[in-house]
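To find a chain, count down the sequence lines: A is the first, B the second, and so on, and within it residues start at 1. Only a predicted model underlies this, so the values are computations on that prediction, with no experimental measurement involved.
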Protein chains: 2
Amino acid sequence: MSTIIETFGGTFVFAIIVSGMATHILLQELQKYSDFKEEDFPEFLELFKPFKVAKGDYFYRAGDIPKYSPFILKGCMRKFFINEEGDEQIVYFAEEGWFAGEVQCMRMNSATEMYLQALEDCEILGISLNNAEIGLQSFPAYRKFLDVRYAVDHNRIINEATRLKTDTPESLYLRLIQTRPSLILRVPQHYIAAYLGIRTETISRIRRKIAGK
Amino acid sequence: MSTIIETFGGTFVFAIIVSGMATHILLQELQKYSDFKEEDFPEFLELFKPFKVAKGDYFYRAGDIPKYSPFILKGCMRKFFINEEGDEQIVYFAEEGWFAGEVQCMRMNSATEMYLQALEDCEILGISLNNAEIGLQSFPAYRKFLDVRYAVDHNRIINEATRLKTDTPESLYLRLIQTRPSLILRVPQHYIAAYLGIRTETISRIRRKIAGK
DNA sequence: ATGATTAGTTGATTGAAATCAACTGATGAA
DNA sequence: TTCATCAGTTGATTTCAATCAACTAATCAT
């Protein structure tokens, strides 16, 4: 089923609707790093299975062997694990347009240590390892996309990691406001703090300081 | 040119020697994540160009557009960048069996912000983006290898990053002794400190404390 | 071999964020 | 609506690693 989703400057943009989901976000993401053709998209989309995850629920939990790699169409999720001391370590927040899969575990058929929890009601497209392989065979642009995406992610993670380990709480928080302002609005402060590796009290004080300028 | 490199339990192990280099390390690495066939290796190896980098010298520097992705056969290198404040941020140490390429930059034909410096005299196999593409076409096992490798690396980086941001200096150092004892022996202390995001004085004190047990 | 530079140790002091604690405000369930 | 739980603020105190400083040990260049 095909529907007009948006119009840009008089050009009609078509996209596929899976049970009411805005799948064009996936196409946009593919086209960011490849020349994926819009006409191939409907067929490509059939490789995915739609999911809805209610606020607070999990897409996978530690101990699971994830069967699907999720792409987030709507909502915001947090990926975290529980360390030796028993506290939650937030690895990242995944918003619209993010993949949040445990690819290594899927490949190795091993249990993940991660939890993927919806912080809002979420809409997700999940792809199995098998369908991903089919997609890589059938759509060269998807292969291209993944290759570039891996490299980009690799760089992004290394950059973020270096900052998290060396920057002060204040510059970490200010930076997050700059780079991902939506997170500040939609994610509870104590999760932001856990992600930055600082205390929620510290964020309170930074906020007061900023406001008093 | 083919030569006996080592013998294990009476089985002869053959490998290709490029101007005296122990290329079997690359084959071992490939076979860790794929079923790369030993008989395909000589042909595969032709995609690589051998390099030697003397202690203190660089394989690439910030501003370069790297032409080759290095695989380290011998030696130890540090990858770092210089941040806004002007100090060196060590991203990782690459020993034998590591790749240390700037793949995103090669793909995008953009300048890297990284330095890759030899901490010892190093022997390297470099592969160009072009030859990597050829390799991916010609050797399915190489494709498999890279896919798995990406996933494994992704997990490793995220794990390390989370620890670097939350663990205490002492547990970071003790952990490094456990996970990469060779680094402690071959890498100067102040580089270890920079990598862990702590001070060399702090490591001194941790060492004293450990010794006094 | 020798002096010079760099690496690492040890002690004293400081400081920034964690911790502890008490509170207010928001959210949610019955 | 009301109570209970959870989220966030503010202040007082503590703590651990950074900083500063002075030294010893190791490495390097000539």
Side-chain angles (χ1 to χ4, degrees), chain A residues 54-57 75-76 78 80 83-90 93 117-121 162-177 183-213, chain B residues 54-57 75-76 78 80 83-90 93 115 117-121 162-177 181 183-213:
Chain A
K55 178 176 178 175
D57 287 351
C76 181
R78 68 181 181 119
F80 69 96
N83 68 7
E84 299 82 21
E85 287 86 43
D87 29 45
E88 297 177 356
Q89 299 281 354
I90 296 180
F93 299 104
Q117 183 187 33
L119 299 178
E120 308 164 0
D121 290 345
T162 311
R163 295 188 186 283
L164 284 174
K165 89 176 175 199
T166 46
D167 288 5
T168 64
E170 180 165 346
S171 48
L172 286 177
Y173 189 71
L174 292 177
R175 191 180 169 74
L176 198 64
I177 290 176
L183 281 190
I184 310 287
L185 298 172
R186 77 203 298 195
V187 174
Q189 227 86 83
H190 65 284
Y191 287 146
I192 302 273
Y195 168 64
L196 295 179
I198 63 181
R199 294 254 129 196
T200 174
E201 294 98 317
T202 303
I203 290 189
S204 262
R205 293 184 176 108
I206 294 169
R207 290 177 66 83
R208 178 167 44 158
K209 190 179 160 193
I210 297 170
K213 272 184 185 164
Chain B
K55 179 175 178 172
D57 286 352
C76 182
R78 69 181 179 119
F80 68 97
N83 67 7
E84 299 83 19
E85 287 85 45
D87 30 44
E88 297 178 356
Q89 299 279 355
I90 297 180
F93 300 105
Y115 297 80
Q117 185 187 32
L119 299 179
E120 310 164 358
D121 290 345
T162 309
R163 296 190 184 283
L164 284 174
K165 88 177 174 196
T166 46
D167 288 5
T168 64
E170 181 166 344
S171 47
L172 286 177
Y173 188 71
L174 292 178
R175 190 179 170 76
L176 198 64
I177 290 177
L183 282 189
I184 309 288
L185 298 172
R186 77 202 298 193
V187 174
Q189 227 85 85
H190 65 285
Y191 287 146
I192 302 273
Y195 168 64
L196 296 179
I198 63 181
R199 294 254 130 196
T200 174
E201 294 99 318
T202 303
I203 290 189
S204 264
R205 294 184 177 107
I206 294 168
R207 290 176 65 82
R208 180 169 39 158
K209 190 179 161 193
I210 296 170
K213 274 182 184 168

Calculate the interatomic distance between [X] atom [atom1] and [N] atom [atom2]; express it in whole Å.
X        : N      : atom1 : atom2 : answer
B:Arg207 : D:dT24 : CZ    : C1'   : 16 Å
B:Asp167 : D:dC16 : CG    : P     : 16 Å
B:Ile203 : D:dC16 : CD1   : P     : 18 Å
B:Ile210 : C:dT9  : CD1   : P     : 11 Å
B:Ile206 : C:dT9  : CD1   : P     : 11 Å
B:Leu172 : D:dC16 : CG    : C1'   : 14 Å
B:Gln189 : D:dA25 : CD    : C1'   : 13 Å
B:Tyr173 : D:dC16 : OH    : C1'   : 19 Å

Side chains of [X] and [Y], heavy atoms from C-beta outward: is any pair under 4.5 Å?
X        : Y        : answer
B:Ile184 : B:Arg207 : yes
B:Phe80  : B:Glu88  : yes
A:Cys76  : A:Leu183 : yes

What residue among B:Thr202, B:Ile177, B:Asp167 forms side-chain contact (heavy atoms from CB on, under 4.5 Å) with B:Leu172?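 When B:Thr202, B:Ile177, B:Asp167 are each tested with B:Leu172, the side-chain contact (heavy atoms from CB on, under 4.5 Å) holds only for B:Asp167.
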Do A:Arg163 and B:Glu84 sit within salt-bridge range, that is, some charged N less than 4.0 Å from a carboxylate O?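 Yes, charged N to carboxylate O under 4.0 Å.
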What does nucleotides 11-30 of chain C look like as a protein-contact string, B for base, S for sugar-phosphate only, - for none, at under 4.0 angstrom between heavy atoms? BB----SSBB----------
Is any side-chain N or O of B:His190 closer than 4.0 Å to OP1 or OP2 of C:dG8?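 Yes.
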What verdict does the side-chain hydrogen bond (donor to acceptor under 3.5 Å, both in side chains) test give for B:Arg78 and B:Tyr195, after you've listed the backbone C-alpha separation in whole Å, the side-chain angles of each residue and the deciding distance to 0.1 Å? CA-CA 9 Å; B:Arg78 69 181 179 119; B:Tyr195 168 64; over 6 Å; no
